[in-house]
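Chain naming here is simple, since letters A, B, ... match the order of the sequence lines and numbering starts at 1 in each. Being a predicted model, the structure only gives us computed values, none of them experimental.
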Amino acid sequence: MEKVKLSIDNKLVEVEKGTTIYKAAKQLGIDIPVLCYMNLEGLGIENKPGGCRICVVEVEGRRNLAPSCSTDCTEGMVVHTHTMRVINARRTVMEFILSDHPKDCLTCAKSGNCELQDMAVKLGIREIPGQEYAAMSTYKMDFSPSIIRDLDKCIMCRRCEMMCNEFQTVGALSAFNRGFQSAVGPAFEMDIEDSTCTYCGQCVAVCPTGALTEKDHTRDVINALSDPTKTVIVQTAPAVRAALGEEFGLKPGTLVTGKMVTALRRLGFNYVFDTDFAADLTIMEEGTELLGRLTKFLGGDKEVKLPILTSCCPAWVNFFEHNFPEMKDIPSTARSPQQMFGAIAKTYFADKIKVKREDLVVVSIMPCLAKKYEAQRDEFKVDGNPDVDFSLSTRELAHLIKQANLDLKTLPDEDFDKPLGESTGAAVIFGVTGGVIEAATRTAYELHTGKKLAKVEFEQLRGMEFIRKATIDFNGTPINIGIAHGLGNARKLLDEIKAGKSEFHAIEIMACPGGCIGGGGQPLHHSDSSILKARTKAIYAEDEGKVLRKSHENPYIIKLYEEFLGKPMSEKAHHLLHTHYFDKSGKIEIS
Amino acid sequence: MTKYKQIRIVLNNCGVIDPENIEESIARDSYMALGKCITEMTPQDVIKEIKESGLRGRGGGGFPTGLKWEIASKNHADQKYVVCNADEGDPGAFMDRSVLEGDPHAVLEAMAICGYAIGATKGLIYIRAEYPMAIKRLKIAIDQALEYGLLGNNIFGSKFDFNIELRYGAGAFVCGEETSLIHSMEGLRGEPTIKPPFPAEKGYLGKPTNVNNVETFACVPIIIRKGASWFNKIGTEKSKGTKVFALAGKVNNVGLIEVPMGTTLREVIFEIGGGIQNGKKFKAVQTGGPSGGCLTEKHLDTPIDFDNLIAAGSMMGSGGMIVMDEDNCMVSVAKFYLDFTVEESCGKCSPCRIGNKRLYELLERITKGQGVMDDLQRLRNMSNVIKDTSLCGLGQTSPNPVLSTLDNFYDEYVAHIKDHKCPAGQCKDLMKYFIIAENCVGCTACARVCPVGAITGEKKEPHFINSEICIKCGACMERCKFDAIIIK
Ligand SMILES: Cc1cc2nc3c(=O)[nH]c(=O)nc-3n(C[C@H](O)[C@H](O)[C@H](O)COP(=O)(O)O)c2cc1C
Ligand code: SF4
Ligand code: SF4
Ligand code: SF4
Ligand code: SF4
Ligand code: SF4
Ligand code: FES
């Protein structure tokens, strides 16, 4: 690789050609403020429109200041990152940005965690000259089941657009209007609900301001918990325990399972259960479905649909309903763990504790915003009563815990309640890319071959690469497994299937980078990809620490089948645990 | 009137030939240069000739054309493109349109020459859809050139193929910026991206692309025909050839002119333009389109070329030239141009998207008498920062009208702020209608015509205008036969 030498703030540095000034400065420990720029290093997710101009620096011999985030170093370059000219420019530009931004910090969902607010502090902004007569660009508010858009707070960083268009290839977001009235949103300024949005929440996960936030259900949950006529139960998704601690100052990757259980109990939930239980159940259903299709296929049945695709990510479900409706009979019909949990809670468990469906409130804690949308889908309601009443994000849970003045860090560890709180290590790894298929493989292998696995870890299925392939030997039968995270990567595998070129028997798809640990409802990573890696490690550590690591060994799952469901894919299981998909390709109406 | 130093290079055929008849073009040497290139010159020879001619881009930047072609020629790819920028977004500009309507073959021929020089077989003309006549003539010209084998495959029996297509712009000013133009042609949002990469490295569909302005292209055939040494004798040391200007504003002769580089502003305004209308006093000339600067008396003897105009605080731009007289308020002039840039900003970068709006708001307050002296410092700082930090040429130049008027007409700003007066009498909000008691005979004509009842007074007694009520419509002044009503 060709190298270039340059000087930044009178320090010499040698970097690879193609390195930006911003990155070179970072190597020297020089911190140049950036706002629109975003880089999830190691993942290849980068946003550098060069739009905000906060990162400008002085380059000797250049007439104008240069945006350090998007200007490559050249041989002999002499850069100054913090001259008075630069400081004045940054402040003035920041004053421009803030002059067109509502001063809503008191009630803004991002307050305290907002990159724009932090930048205002960093640059020492104390007043906005001329604010009294400065016009503001305003837009209509947009509410949807998962996401709220308040574009008055949009600073045109374009991060959401990059995530939605390049990473997810959903294309729901793009810049509209010109000049002062520009902002980012669905075409023709339609509501997000009328667009092809999948509710993956990746736009929310990267938005530096309060322009994109989740629909907040904490007040609903407070109301339910205060209602003495209601029994309120909670389920927590695997990825939550690996990230919640960050909101309380714990190091990324700190597992807080036990503390989270204690906090939920102290918040007043009558039963604290685990979505992991339902993840084990998912494996029983999905694994059986996979084995069923495989057995038919190996038996020479040409009609059978392969590869089978996982269906536990609701954003991914939305994605294929919009984009590949002709393939809607390929994914597994198994509902997501959140919904399996809700269905079992409001039947099997409600009967057990003799509480009427209407009096039972099921709350889920999810790393995910698509789950909010999923929870209110009509298929998952009985007489209008949803299986899952409220789906909170990890961030919302953190807010609730803080409001109750509970210090998560110092809480003791407690265990989940039984029966729906018991789970295996296979369920825990649902939280990371490759985890669902690894869990399914553990069970399918043992059920298919009748042999016990000597080693339950399938290293070949792990990693952060966007598309991964592995072949597992099922007792002489090679099973080809594909894994994709990010819907753009999923699209590539789907296009292969469509073209009849797919070599896979089973494919796992997760919409978010890294899987649910990188979900749209998680504590904000603020473009630090090491956080995602730390969460992944934590999830695998939790799996390793479990006594039971294969879903079919979960005694409460076995009991659930014995007492209630019969066997996997039984009629009852079908009714409660499976679903069907819709063709939403024609959904976009432009009025 | 030969002393008016006009030379016709670019406009040579305009108005002389029937642009819809290729034979007339050919009779005036069209496609001779292309033939010469293909049959007698190597691509390197062509580039060398253009480099030696000293031709610089007429689209605004003044980038050396030969060098641009050389860079594009050295970037290897399976496909390259030649793009003609016919977006001509400057308000009031029609130089490019005139060339396309009057001499379309000159541009087609030049594009083919460029294609030959850089190794491209495809040409695209990005033209604004509001130019239907130019589009029609270009289409006819392309068809006829194809028919005559002057475009298409195996031109002049050689192995060189070159085809040209039209692409239509929706009229956004920023789409004239080359990266923006390319995105627009690709069906993306018409907004600029950071350079590098330059179009010559990564342009249309990611391929090396050479973008030149219409007028730049129009200079090429004659350079090849008459030679670089003929062309580079015209003009100044660093700016060769001629430049077409759209002369407008308060001069007696308005319209398109073509003068050699190095002609002074005085010659253009007072000789070719015939001086200021109605014998009024010259005040300023705005060159360079909406983001040029306003030059004054002291710049009149500056020879016009790329570098001198920049040094004087303005720029060549694409050749707009608007002359102002004593009745033009320079704060209003700055506000007028800012209004345009605020409208035309693409919105991608914050200094231009928001900063220009703030400049405009401040100027508006000053023209309404609401300004304070600190505003002038703020105007200057905001302008400097917008120039210093904006992403593309639009924001990098849009504050020029503010800065140049602040530099050259500071007192006028001060008058608006401190005295609440517009010396040019243009800012309506600062004007007051008065009745001079000595002249008023009390005929009541004014009071009767005032639509808002602002004028009071007894018959045969001096009348009085209540400026709180007056809406400054001027009806009273028009009606008064005794010159008793004045504006102050
Ligand atoms: C805001 C903006 C608008 C522009 N508009 C035009 C235009 O209308 N026509 C044009 O030829 N060049 C325009 N340019 C310049 C082009 O970006 C480009 O430099 C030019 O087409 C190159 O051709 P040349 O080298 O022949 O001048 C514009 C530049 C900017 C920044
Ligand atoms: S987005 Fe940030 S700066 Fe804006 S109101 Fe919300 S917290 Fe404050
Ligand atoms: S939630 Fe996902 S699909 Fe929807 S707009 Fe945001 S990034 Fe796009
Ligand atoms: S909505 Fe948020 S992420 Fe999207 S451009 Fe605006 S500020 Fe950036
Ligand atoms: S990957 Fe996980 S967090 Fe992301 S949308 Fe899918 S289920 Fe939700
Ligand atoms: S300077 Fe203006 S026109 Fe150019 S990119 Fe920025 S906002 Fe767009
Ligand atoms: S961070 Fe570089 S332009 Fe926004």
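Counting heavy-atom pairs under 4.5 Å between each of A/Ser174, A/Ala183, A/Ser99, A/Gly130 and chain B puts A/Ser99 at the top. Ranked by heavy-atom pairs under 4.5 Å with chain A, the first of B/Glu364, B/Met382, B/Lys348 is B/Lys348. In terms of heavy-atom pairs under 4.5 Å with chain B, the best-connected choice from A/Val56, A/Asn64, A/Asp72, A/Asn177 is A/Asn64. Note on A/Ala134, A/Ala66, A/Pro49, A/Cys52: by heavy-atom pairs under 4.5 Å with chain B, the leading option is A/Ala134.
With a threshold of 4.5 angstrom between heavy atoms, A/Arg90 does not approach chain B through any atom at all. Residue contact with chain A, scored on non-hydrogen atoms closer than 4.5 Å, is absent for B/Asn356. At a 4.5 Å heavy-atom cutoff, B/Gln370 makes no contact with chain A through either its backbone or its side chain. There is no contact between B/Thr193 and chain A, counting heavy-atom distances below 4.5 Å. B/Ser390 touches chain A through its backbone: at least one of N, CA, C or O sits under 4.5 Å from a heavy atom, while the side chain does not. Proximity to chain A involves both the backbone and the side chain of B/Leu391, based on heavy atoms less than 4.5 angstrom apart. Proximity to chain A (any heavy atom under 4.5 Å) is restricted, for B/Lys357, to the side chain, taken from C-beta onward. Proximity to chain A is limited to the side chain of B/Arg189, based on heavy atoms less than 4.5 angstrom apart.
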Kindly determine whether A/Lys23 and A/Glu46 satisfy salt bridge (Lys or Arg N to Asp or Glu O under 4.0 Å), including the steps that lead there.
CA-CA 13 Å; A/Lys23 284 185 184 161; A/Glu46 195 175 29; 3.4 Å; yes
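Taken to the nearest 0.5 Å, the CD1 atom of B/Ile386 stands 4.0 Å off from the CG atom of B/Leu359. Separation of atoms SG (A/Cys154) and CG (A/Leu212) is listed at 7.5 Å; rounding is to 0.5 Å.
Although no hydrogens or angles enter the test, the distance criterion places no donor-acceptor pair under 3.5 Å between the side chain of B/Glu412 and the main chain of B/Cys422.
Side-chain N/O atoms of B/Lys387 and B/Asn400 include a donor and acceptor closer than 3.5 Å. No hydrogens or angles considered: a donor-acceptor pair under 3.5 Å links the side chains of B/Tyr131 and B/Glu88.
When each of A/Met163, A/Arg158, A/Glu115 is paired with A/Val206, the side-chain contact (heavy atoms from CB on, under 4.5 Å) condition holds for A/Met163 and for no other.
Within a 6.0 Å sphere centred on OH of A/Tyr139, heavy atoms belonging to other residues, nucleotides or ligands number more than 12.
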